[in-house]
Amino acid sequence: MINSVRTRIAPSPTGAPHVGTAYMALFNFAFAKKHNGKMILRIEDTDQSRSSKESEEAILSSLNWLGLQWDEGPDCGGDFGPYRQSERLDLYKDSVQKLVDAGYAYPCFCTPERLTELRNEQLGNKETPRYDGHCLNLTKEEIQQKIQAGEKHVYRLKIPNEGTCLFKDELRGDVQFDWKQIDHQVIQKSDGFPTYHLANVVDDHHMGITHVIRGEEWINSTPKHILLYEGLGWKPPVFAHLPLLRNPDKSKLSKRKNPTSIDYYKDAGFLPEAVVNYLGMMGYTLPDQREIFDLQELSESFEIKRMSLGGPIFDIAKLKWLNGRYLREKLSQEDVLQKIIEWKANPEFLSKILPLALNRLETLSDFFPLSHFLLDDLPEYSLEKLIGKTEGLQVAKLLKIAEWEMEKIQKWNRDQISALFQKISQLEDIKLKHLLAPFFVAITGNSVSLPLFDSLELLGPDLTRTRIRIALEKLSADGLGLSKKALKKLEKDYANQYGNRID
RNA sequence: GUCCCGUUCGUCUAGUCAGGUCAGGACACCGGGUUUUCAUCCCGGCAACAGGGGUUCGAAUCCCCUACGGGACGCCA
């Protein structure tokens with residue numbers, strides 16, 4: 001079938017697998033299946049400094065865990081590969097050339113310094129920061145000369161000076177932007193890699209994508225994409241922008257305020273079917289309004305027009321309720337037992353705990369009380385215990401610093417974790433023993449427990465992050481958290497001592 | 001700040017396109033029942049059309065304005 005529906009998900013391998021990715025994947029999947037089409041998975045690894053193989057693997061494996069199977073992708077191949085953008089560079093280079101020839105793009109030699117200065121100036125004048133078209137005035141000869149001299153340059157998209165861009169969003173109808181307020185977006189970076197905007201258009205075209213179903217965050221850059229299709233002489237796909245998942249405070253879902261890693265839900269003991277079901281009821285209701293449904297039921301009855309557009313708040317309480325129903329309605333006791341065993345009651349996992357606990361055992365019955373915090377979702381403890389002998393505000397500060405430092409850990413293991421705490425101990429000039437005290441409580445629920453670093457390794461980054469976040473919330477609720485002002489100051493001091501945060 | 005998108009119970013939503021049933025369901029919460037406790041299960045309750053103007057016999061539904069919320073404004077995606 002030539003005109004069959006093809007959708008895609010295009011995760012960027014720059015971090016932990018995000019539930020937002022799963023959310024988009026779910027509806028791309030459902031839409032494709034509903035129309036007997038295919039869903040393609042494409043890795044958007046055009047950011048050389050941030051992309052990693054580990055992250056790519058983690059994302060594929062998490063989506064697999066959820067059962068959101070794609071028809072073509074880097075792991076399973078397909079007729080439109082390769083499915084990693086870093087392996088398709090020639091294609092983008094050709095397109096840039098085509099765009100330059102057609103007058104839709106131009107090289108820009110401005111230095112990052114000049115651009116920063118320009119930005120600050122515009123910001124100072126309360127203008128929207130935009131490229132000023134400086135390099136648009138270069139003559140052919142000057143360009144030739146600079147390129148030959150090996151000057152670093154990027155390619156920018158040339159936006160019309162006036163007029164409007166009108167496009168149709170499947171869910172919202174006509175959307176209109178003045179070209180005036182769209183920036184001359186970089187489409188090829190100085191390292192020769194394309195930016196998202198170029199790569200996604202080129203790939204969507206070559207991969208035969210018929211429907212681009214993506215997050216609302218992209219709606220503002222759609223005019224640029226439309227222009228790229230025009231410049232390359234291609235027909236744009238159908239666009240549908242889905243609402244963004246939100247934190248309880250209605251901001252875009254973020255790991256600062258909510259567990260956002262798919263792995264968290266796995267580690268915390270949720271069933272993939274329940275997570276998928278829950279995600280499916282965010283912004284969507286089946287025509288018959290049933291609320292327990294699987295991927296297939298969702299796909300069979302899926303009507304994209306039924307998507308509601310208000311950003312749904314991710315409510316863990318409801319997810320838990322749903323998960324409970326799956327446990328007792330969808331599975332037999334044998335099934336549940338098997339799941340528990342596979343989850344954490346397996347010999348592999350328990351045998352990792354044992355060496356930590358052995359010296360502390362007098363009877364076998366000591367084992368589970370000692371290790372329960374590795375099996376719990378969240379441990380319980382009092383605020384007094386958390387603070388201990390440390391000063392309250394100091395506790396919040398240390399937790400926050402650790403939270404930021406943990407984001408920088410590439411490979412989550414004992415050594416890295418140990419190094420992290422050693423570093424904080426030194427820079428904050430606090431004895432390791434005293435530094436660790438509040439962490440023992442936040443992580444294990446007790447001031448006395450199994451060795452912390454090994455425990456953290458076993459617990460994994462996602463459960464760890466959540467426990468630190470919860471501890472911070474407890475402190476705030478009692479007025480011992482960081483005020484807005486204190487946080488600002490801490491951010492600054494942190495950047496000076498530890499380097500920039502990665503969020 | 002500029003632009004774009006959005007707005008029905010605390011939360012997820014049905015109803016909006018084709019204007020006309022006490023605005024329906026679910027989570028959470030509260031109360032009652034079953035259960036040695038708890039949970040499950042069952043029953044009941046609380047609770048919303050953001051505001052203001054139009055159009056109309058009639059507006060949650062169509063139009064306009066305002067407010068509020070979110071997003072975008074990177075050589076990130």
Side-chain angles (χ1 to χ4, degrees), chain A residues 10-15 18 20-21 42-51 85 108-112 115-116 119 122-131 152-156 164-165 167 169 171-173 175-200 214-224 241-253 278-292 305-322 324-325 327-329 502-503:
Chain A
S12 169
T14 54
H18 199 279
T21 306
R42 180 174 72 223
I43 294 294
E44 308 236 324
D45 55 351
T46 54
D47 186 336
Q48 292 192 78
S49 62
R50 289 206 292 169
S51 297
Q85 292 188 325
C108 168
F109 300 87
C110 293
T111 60
L115 295 172
T116 309
R119 258 183 81 79
Q122 287 167 330
L123 248 22
N125 296 339
K126 300 204 167 181
E127 293 168 31
T128 306
R130 285 220 318 269
Y131 184 62
K152 283 222 164 213
H153 60 285
V154 302
Y155 284 89
R156 287 181 184 274
T164 59
C165 174
F167 67 91
D169 178 280
L171 302 173
R172 298 154 212 269
V175 181
Q176 204 172 22
F177 286 86
D178 282 341
W179 283 121
K180 265 204 176 66
Q181 39 120 8
I182 291 168
D183 199 7
H184 284 210
Q185 187 59 236
V186 170
I187 57 173
Q188 182 179 299
K189 310 178 221 179
S190 58
D191 65 0
F193 274 53
T195 59
Y196 168 85
H197 303 283
L198 203 235
N200 108 81
R214 73 217 313 187
E216 193 180 0
E217 52 194 335
W218 296 113
I219 209 164
N220 289 277
S221 35
T222 304
K224 295 167 191 169
H241 293 93
L242 268 33
L244 262 22
L245 260 18
R246 312 272 189 102
N247 296 312
D249 69 0
K250 292 187 190 285
S251 57
K252 176 162 107 168
L253 193 70
Y278 180 66
L279 252 18
M281 56 205 276
M282 302 266 82
Y284 189 73
T285 317
L286 270 68
D288 64 3
Q289 289 194 61
R290 92 189 91 145
E291 42 191 2
I292 302 283
K305 298 260 193 209
R306 289 184 62 84
M307 290 294 311
S308 58
L309 300 177
I313 292 170
F314 195 93
D315 179 15
I316 294 189
K318 192 156 183 176
L319 207 209
K320 283 190 176 173
W321 162 79
L322 195 62
R325 286 196 60 175
L327 247 19
R328 68 186 89 87
E329 290 174 23
I502 23 178
D503 281 311

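Convention: sequence-line order gives letters A, B, ...; per-chain numbering from 1.
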Among [options], which nucleotide sits nearest the side chain of [X]?
X      : options             : value
A/Q181 : B/C3, B/C5, B/A77   : B/C3
A/V175 : B/A77, B/C5, B/G70  : B/C5
A/V154 : B/G69, B/C75, B/G71 : B/C75
A/W321 : B/G71, B/C27, B/C5  : B/C27
A/R328 : B/C27, B/C41, B/G71 : B/C41

Please give the nucleotide sitting opposite [N] as a Watson-Crick or G-U wobble pair, both distances under 3.5 Å, or none.
N     : value
B/U56 : none
B/U37 : none
B/A23 : none
B/G1  : B/C73
B/A67 : B/U7

Every protein N/O within reach of nucleotides 43-51 of chain B N/O, cut-off under 3.5 Å:
none

With A/D47 via salt bridge (charged side-chain N to carboxylate O under 4.0 Å, His left out) - residues at least two apart |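 Salt bridge (charged side-chain N to carboxylate O under 4.0 Å, His left out) check on A/D47 returns A/R50.
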
Taking only residues two or more places apart in sequence, or in another chain, which ones meet A/K252 in a salt bridge (charged side-chain N to carboxylate O under 4.0 Å, His left out)?
->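 Counting only residues at least two positions away or on another chain, A/K252 forms a salt bridge (charged side-chain N to carboxylate O under 4.0 Å, His left out) with A/E217.
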
[X] [atom1] to [N] [atom2]: how many Å, rounded?
X      : N     : atom1 : atom2 : value
A/N247 : B/G69 : CG    : C1'   : 13 Å
A/R325 : B/A39 : CZ    : P     : 18 Å
A/L245 : B/C5  : CG    : C1'   : 16 Å
A/L198 : B/A77 : CG    : P     : 11 Å
A/R214 : B/G71 : CZ    : P     : 18 Å
A/K320 : B/U40 : NZ    : P     : 13 Å
A/L327 : B/C41 : CG    : C1'   : 16 Å
A/D191 : B/C76 : CG    : C1'   : 12 Å

Can you find a side chain N or O atom of [X] that sits less than 4.0 Å from OP1 or OP2 on [N]?
X      : N     : value
A/K180 : B/U2  : no
A/K252 : B/A72 : yes
A/R130 : B/C73 : no

Any non-hydrogen side-chain atom of [X] less than 4.5 Å from a side-chain atom of [Y]?
X      : Y      : value
A/M307 : A/P243 : yes
A/Y196 : A/S12  : no
A/N200 : A/R42  : yes

Say we look at [N] and [M]: how far apart would their [atom1] atoms be, to the nearest angstrom?
N     : M     : atom1 : result
B/G51 : B/A67 : C1'   : 7 Å
B/G6  : B/C22 : P     : 30 Å
B/C43 : B/A60 : C1'   : 30 Å
B/C62 : B/A18 : P     : 9 Å
B/C73 : B/C17 : C1'   : 33 Å
B/U21 : B/C29 : C1'   : 29 Å
B/A26 : B/A14 : C1'   : 11 Å
B/G52 : B/G71 : P     : 28 Å

Decide yes or no on side chain to side chain contact (heavy atoms under 4.5 Å, CB included) for A/I292 and A/L322, but give the supporting numbers first.
-> CA-CA 8 Å; A/I292 302 283; A/L322 195 62; 3.5 Å; yes

Looking for any heavy atom pair under 4.0 Å, which part of the strands does [X] touch: base, sugar-phosphate only, or nothing?
X      : value
A/C110 : base
A/Y196 : base
A/Q176 : sugar-phosphate
A/T46  : sugar-phosphate

Using only heavy-atom distances, decide whether a donor-acceptor pair under 3.5 angstrom links the side-chain of A/T195 to the base of B/C75.
->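 Not at all, since no donor on one side and acceptor on the other fall under 3.5 Å apart.
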
Check: A/R172 side chain, B/C5 base, donor-acceptor under 3.5 Å =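 Answer is no: no donor-acceptor pair is held.
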
Could you check whether the rings of A/H241 and A/F167 sit parallel, tilted or perpendicular, using 30° and 60° as the cut-offs?
->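 Rings of A/H241 and A/F167: perpendicular, over 60°.
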
A/F193: ring-ring contact (aromatic ring centres under 6.0 Å, His included) partners, not counting sequence neighbours =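 ring-ring contact (aromatic ring centres under 6.0 Å, His included) list for A/F193, sorted by chain: empty.
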
Contacts of type ring-ring contact (aromatic ring centres under 6.0 Å, His included), residue A/H18, not counting sequence neighbours =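 With neighbours one apart ignored, the set is empty.
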
Could you go through nucleotides 12-19 of chain B and list every protein N or O atom that sits under 3.5 Å from one of its N or O atoms, giving the distance for each pair?
from, atom 1, to, atom 2, distance (Å)
B/C12, OP1, A/I313, N, 3.0
B/C12, O2', A/M281, O, 2.8
B/C12, O2, A/K318, NZ, 3.4
B/U13, OP1, A/G283, N, 2.2
B/U13, O3', A/T285, OG1, 3.0
B/U13, O2', A/T285, OG1, 2.9
B/A14, O2', A/Q289, NE2, 2.9
B/G15, OP1, A/R306, NH1, 3.4

Which residue, A/L115 or A/F177, contacts RNA chain B at a nucleotide closer to its 5' end, judged by nearest heavy atom?
->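 Nearer the 5' end of the strand: A/F177.
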
Show every donor-acceptor pair shorter than 3.5 Å between a side-chain atom in residues 312-320 of chain A and any protein atom, with sequence neighbours excluded, or say none if there are none.
from, atom 1, to, atom 2, distance (Å)
A/D315, OD1, A/A317, N, 3.2

A/K189 with A/D191: basic N within carboxylate O range, under 4.0 Å |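 A/D191 and A/K189: not salt-bridged.
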
Which residues pass the side-chain contact (heavy atoms from CB on, under 4.5 Å) test with A/P112, sequence neighbours left out?
->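 If we apply the side-chain contact (heavy atoms from CB on, under 4.5 Å) test to A/P112, skipping adjacent residues, there are no hits.
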
Report the residues that fulfil side chain to side chain donor-acceptor pair (under 3.5 Å) with A/R325, sequence neighbours left out, ordered by chain and then residue number.
->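 Counting only residues at least two positions away or on another chain, A/R325 forms a side chain to side chain donor-acceptor pair (under 3.5 Å) with A/E329.
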
